[in-house]
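Down below is the structure, laid out as structure tokens.
When a ligand or atom number is given, it counts from 1 through the structure's own listing order. Since this is a predicted model, take the numbers as computed values, not measurements.
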Amino acid sequence: MSVTTQTLESEQLAILGGPKTVPQFIPDLFHWPIVTAEDEAAVLDVMRTARFSGTDITRQFEKEWSEYQGVKFSLGHCNGTAALLAAMYGCGVVRGDEIIVPSMTYWASALPCYALGATPVFCDIDPVSLCMDPRDIEHRITSRTKAIVPVHYCGYPADMDPIMAIARKHGVKVIEDVSHAHGTYYKGRLCGSIGDVGAMSMMGGKSFAIGEAGMLSTNDQLIYERAIALGHYERTGEIKDPHLAKFAGLPLGGYKLRMVQTASAMGRVQLKYYPARIKEIQAAMNRFWDLLEGVPGLRAHRPDKEAAKQGSTMGGWYNPLGHYIPEELGGLPVAKFIEAVVAEGGLSGRGCNTILHTHPVLNQADVYGDGKPTRIAFAQRDVRQSLGSLPVSEALLLGGRCLGIPWFKHDRKDAIERYAAAFKKVALQADKLVNR
Ligand SMILES: *Cc1c(COP(=O)(O)O)cnc(C)c1O
């Protein structure tokens, strides 16, 4: 690190009246998605030709997405929640079934199964990857388990090899939730093409961002056709499965889940540039963490050197976060650390999602008038999980063991050095904040 950043780190903390490490916010460094005249022209063309609800552009986007993912079929959806619902139905999840899913994720990894009469069973996460812990899956499998839903959390690839082995052994499907991990590789394989089906959000805040949109990708024709049958009545004429084909013309599920073509038009343009753009994000984010190597209290959330050598990456580094280890900083609570970083002009926040297993919707809500909590009514046994049942997920959130870090979209050395210096300065002077 340059002499200047060393000086920055030894100055008085900004929260105690010292100078800011990052004097100025640079919007362009963080702005996303990158939209050019080419995106604008593609979207305007849809508006001017009034093809919002057609499927011609969506089909082109699906074809190109399939080529990118290396799968046979892709099906555009109105959002990621819809794509996950369709993936669950595609895998045969129906009334009374259970799916195994992490508790530390956005609710849409789990809750769409309620619409199918199924219930989530939550598993814990690995403390390093923050993805589904393969050691916490098998004992949760019952005769009613239909699918396992790994989430590639904040871009980190879930450990798919053992997850696939467990799923194959027990004859259950694997639905990858790729909403955080477009373009992430697991040991050289693109996430979303490893399980039976991949489903992902492409909403405006995600790494692949085209509005409100979602995509389902699979090599399995029956999963693809069941997804069409559920929510794409205008395409049911293409279904080959003789049982499903009988119902062509109306959606089986009563859903209409297609992607609006302003999104698919933007998606086609975004996809052309996506690999190059996330390559720059990867360079920037790795630069940030390399600068913080060895700093007490902070650890990168990224595949280690060995895993990186095997071809695992972080995709577009959606919602990047770091591990926070309060015991290395005199017990300084993460909220105080974040406050001090923000005072430096740095960017930080809670980082992780809220846990799902303790939420009232999973414990008390009677959504469909069964006279008992939906989760019990559907599972036909009490699968509720109380506080204390998933210690790693709970510690991450309630124990304050992670924090958000800046999500750089460009690899600008000087700026990134300043942001890293803000985190390092606070970590090195944490003792001044402990009793404050
Ligand atoms: C955003 C998100 C979804 C849902 O996608 P929407 O497009 O918002 O419906 C699903 N799973 C995860 C992990 C997400 O972060």
Any carboxylate oxygen within less than 4.0 angstrom of a Lys/Arg side-chain nitrogen, looking at Lys169 and Glu138? yes
NZ/NE/NH1/NH2 to OD/OE distance under 4.0 Å, Asp220 and Lys72: no
Tell me whether the count of non-hydrogen atoms from other residues, nucleotides or ligands lying under 6.0 Å of CD in Glu327 goes above 12. yes
Check this for me, if you would: do Lys272 and Glu64 make a salt bridge, where the nitrogen-to-carboxylate-oxygen distance has to be below 4.0 angstrom? no
Nearest heavy-atom pair of Ala229 and Leu244: which atoms, and what distance? CB-CD2, 4.1 Å
Mind checking what makes salt bridge (charged side-chain N to carboxylate O under 4.0 Å, His left out) contact with Asp133, not counting sequence neighbours? Arg135
Ligand 1: protein residues within heavy-atom distance under 4.0 Å: Asn79, Gly80, Thr81, Leu84, Thr105, Tyr106, Ala108, Ser109, Val151, Asp177, Ser179, His180, Ser201, Met203, Lys206, Ala213
